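Scope of the values below: all heavy atoms of this structure, side chains included, with no hydrogens, waters or symmetry mates. Here is the naming used below: chain letters follow the sequence lines, and residue numbers restart at 1 for every chain. Keep in mind it's a predicted model, so treat the numbers as computed, not measured.
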Number of protein chains: 2
Amino acid sequence: MTIEEGFGLILKKYRNQSGLSQEALAFKSGLDRTYISLLERGKRKPTINTIFSIAIILNERPSKLIKELEDLLDAV
Amino acid sequence: MTIEEGFGLILKKYRNQSGLSQEALAFKSGLDRTYISLLERGKRKPTINTIFSIAIILNERPSKLIKELEDLLDAV
DNA sequence: ATAGTCCACGGACTATAGTATTCGTAGGAA
DNA sequence: TTCCTACGAATACTATAGTCCGTGGACTAT
């Protein structure tokens with residue numbers, strides 16, 4: 001699994017937990033609807049600022065998402 | 001302080017701790033020497049893959065760098 | 001049977017991450 | 001001096017992050 005694929009899975013999980021649609025998350029985080037879709041499908045590599053923007057909207061610490069991503073990648 | 005400025009400070013700190021020059025870090029992480037310089041001066045926003053690449057070379061967990069960045073930004 | 005929500009996916013674009021080259025400076029060493 | 005290492009900084013380039021337009025399928029509800 002690539003880093004971006006793992007990030008996509010984690011993003012999708014937390015977004016679903018928050019009850020937000022892709023479009024709602026996109027609007028609140030100031031990103032594009034289709035870009036959230038691309039991220040969740042592991043087709044894009046977010047910048048550090050994008051990671052922070054998304055994490056804040058999801059009420060999570062960026063480091064928590066990254067930690068979970070590390071664990072997910074290690075688990076392979 | 002912006003996210004990228006904070007990341008630059010942390011990168012510089014850990015790079016100096018590791019005893020690597022910008023050029024040595026660049027070589028080992030497969031990035032450009034001038035780009036490491038740009039990052040440390042807060043002029044660029046690294047992607048998630050770049051963050052992981054650099055952290056690995058510095059023998060640190062990406063989440064640790066991000067955690068420290070959060071704390072640095074909160075401290076303002 | 002149709003309207004609304006949610007999302008995957010594509011094409012075409014714009015903004016910026018990241019590369020390559022070069023010049024200038026400062027410090028230490030020979 | 002002269003040589004070398006390390007770094008900042010400018011310019012110009014290439015690759016890709018991120019936007020904006022749309023289509024269509026699955027599902028729900030009315």
Exercise for the section: Kindly compute the distance separating OG (A:Ser18) from CG (A:Leu25), expressed to the nearest 0.5 Å. Expected result: 7.0 Å

Exercise for the section: Send over the distance from B:Leu38 CG to D:dA10 P, rounded to a whole Å. Expected result: 10 Å

Fill in the blank from the handout: Per the under-4.0 Å heavy-atom filter, residues of residues 40-48 of chain A near DNA chain D come out as A:Arg44, A:Lys45, A:Pro46, A:Thr47

Practice task
Taking atom types as modelled, find out whether B:Thr34 and B:Asp32 have a side-chain donor-acceptor pair closer than 3.5 angstrom.
Solution key: yes

Practice task
Could you tell me which nucleotide pairs with D:dT28 by Watson-Crick or G-U wobble geometry, both distances under 3.5 Å, or answer none if nothing does?
Solution key: C:dA3

Completion exercise
Interatomic distance, CG@A:Leu11 vs CD@A:Gln22, rounded to 0.5 Å, equals 8.5 Å

Practice task
Return the value, rounded to whole Å, for the distance between atom CG of A:Leu39 and atom P of C:dC7.
Solution key: 14 Å

Practice task
Rounded to the nearest angstrom, tell me the gap between atom CG in A:Leu31 and atom P in D:dA17.
Solution key: 14 Å

Handout entry: side-chain N/O B:Ser37 vs D:dC7 OP1/OP2, d < 4.0 Å
Key = no

Handout entry: Closest non-hydrogen atom pair between B:Leu73 and B:Met1, with its separation
Key = CD2-O, 3.7 Å

Problem - Qualifying side-chain hydrogen bond (donor to acceptor under 3.5 Å, both in side chains) pairs with a residue from residues 52-68 of chain A, counting only residues at least two apart or across chains - result: A:Lys13-A:Glu68, A:Tyr14-A:Glu68, A:Glu60-A:Lys64, A:Arg61-B:Glu70, A:Arg61-B:Asp74, A:Ser63-B:Glu70, A:Lys67-A:Asp71

Practice task
Would you indicate, yes or no, if D:dA6 has its OP1 or OP2 atom less than 4.0 angstrom from a side-chain nitrogen or oxygen of B:Lys12?
Solution key: no

Problem - Side-chain H-bond candidate by donor/acceptor type, B:Arg41 with B:Ser37, under 3.5 Å - result: yes

Handout entry: Residues which pass salt bridge (Lys or Arg N to Asp or Glu O under 4.0 Å) with A:Arg15, listed by chain and number, not counting sequence neighbours
Key = A:Glu40

Problem - Contact list for DNA chain C against residues 15-29 of chain A - heavy-atom distance below 4.0 Å - result: A:Arg15, A:Ser21, A:Gln22

Handout entry: Spacing of B:Lys28 atom NZ and B:Ile56 atom CD1 [to the nearest 0.5 Å]
Key = 12.5 Å

Handout entry: Close side-chain approach of B:Leu65 and A:Ile66, heavy atoms under 4.5 Å
Key = no

Practice task
May I have the distance from B:Ile36 (atom CD1) to D:dC7 (atom P), rounded to whole angstrom?
Solution key: 11 Å

Practice task
If a protein heavy atom is under 4.0 Å from the base, mark B; if only from the sugar-phosphate, S; if neither, -; do that for nucleotides 20-30 of chain D going 5' to 3'.
Solution key: BBB--------

Problem - Between OG1 on residue A:Thr47 and CZ on residue B:Phe7, distance to nearest 0.5 Å - result: 11.5 Å

Exercise for the section: Using a 4.5 Å cut-off on heavy atoms from C-beta on, say whether the side chain of B:Thr50 contacts that of B:Ile54. Expected result: yes

Handout entry: Minimum side-chain heavy-atom gap B:Ile3-B:Lys45 below 4.5 Å
Key = no

Problem - Stretch residues 49-70 of chain A: residues that reach within less than 4.0 Å of DNA chain D through a heavy atom - result: A:Thr50

Practice task
Compare all side-chain heavy atoms of B:Asn49 with those of A:Thr2 and state whether any distance is below 4.5 angstrom.
Solution key: no

